[in-house]
Amino acid sequence: MNMINDRINTLLNGQKLATESIIEIFSSIQGEGKYVGYRQAFLRFEGCNLSCDYCDTEHRVGSHRYCRVELNPGSHRQLEIPNPLTPAAVAEYVNNFADITPHQALSLTGGEPLLHTKFITELAPLVRLPLLLETNGTLGPRLKKVLPLISIISMDIKLPSMVGQELWGEHGVFMEIAREKDLYVKLVIERESSTSEISKAISLIASVDRSIPLILQPVTPHGHCKAPSADLMLKAQEMALGPLRDVRVIPQTHVMMGQR
Ligand code: SF4
């Protein structure tokens, strides 16, 4: 891998390209959403514009001096590469995974990947995998900048009780922009989530396009978030079936398997 870095540094000599501090690059089984079970590469960015009760990622900007890069896909053996990285360096690592094992997509995750649109713009043409954007669905104007480069959008709708603010307007704008892509919405539900806020989320999706798939995800307990009852998940699905055409309940399967 160091040879790869040396080669890239030589190739980029003198060029001013975007660099970012990356948390990790690895290969795993997608554990959430519409494409659960597919083999994907993952690129985790620092930084987020929200602060969710159940967040399980240490994404503070500047807190990762090194990027953890998995040596071979699925090996769990990692190298620590000094940050920041160039798009070309990241692409080399991801393409190396894809050369060894077929992957469905490169999942851009975080943190909030849309805080890094310049980096994504430079990365996209270098990576030999379709891009899946995992986003909190609040930064519509930033999505516009990279929309042509993205194949799949996994967008959250955040319930006010879990993020401490109402984001209905931002989510609505975002969905209108994202709907031209392969878009699905993830709604994380915890024990204290109210049926009125769940209902509001369902109505918002239906008002944009009732064929957008909705994944209801029971929260994996973290911090003071507690898992919802099975009854609440059943109730939420009943509420959504009707207004929406495709509604599934899927917990985080990678957690069950002890995967990242
Ligand atoms: S949007 Fe995602 S990364 Fe940001 S705080 Fe919420 S759970 Fe964490």
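Each ligand, and each atom within it, is numbered from 1 in the order the structure gives. Note that the structure is a prediction, hence the values are computed from the model and not measured.
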Would you tell me which option among G137, G47, G111 has the nearest heavy-atom contact to atom 3 (S) of ligand 1? G111
Sequence-distant partners of R60, salt bridge (Lys or Arg N to Asp or Glu O under 4.0 Å), two or more places apart: E58
Partner set under side chain to side chain contact (heavy atoms under 4.5 Å, CB included) for H116, not counting sequence neighbours: E20, F45, F119
What's within reach of atom 6 (Fe) of ligand 1, meaning protein N/O/S atoms under 2.8 Å? C52 SG
Verdict with reasoning, D246 to K34, per salt bridge (charged side-chain N to carboxylate O under 4.0 Å, His left out): CA-CA 10 Å; D246 182 355; K34 180 177 170 184; over 6 Å; no
Report yes or no: do I152 and L43 belong to one cluster of Ile/Leu/Val/Met/Phe/Trp/Tyr joined by side chain heavy-atom distances under 4.5 Å? no
Side-chain cluster (under 4.5 Å, hydrophobic types only) that I100 belongs to, other residues: none
Taking it one step at a time, do E112 and N49 satisfy side chain to side chain donor-acceptor pair (under 3.5 Å)? CA-CA 7 Å; E112 173 49 57; N49 57 319; over 6 Å; no
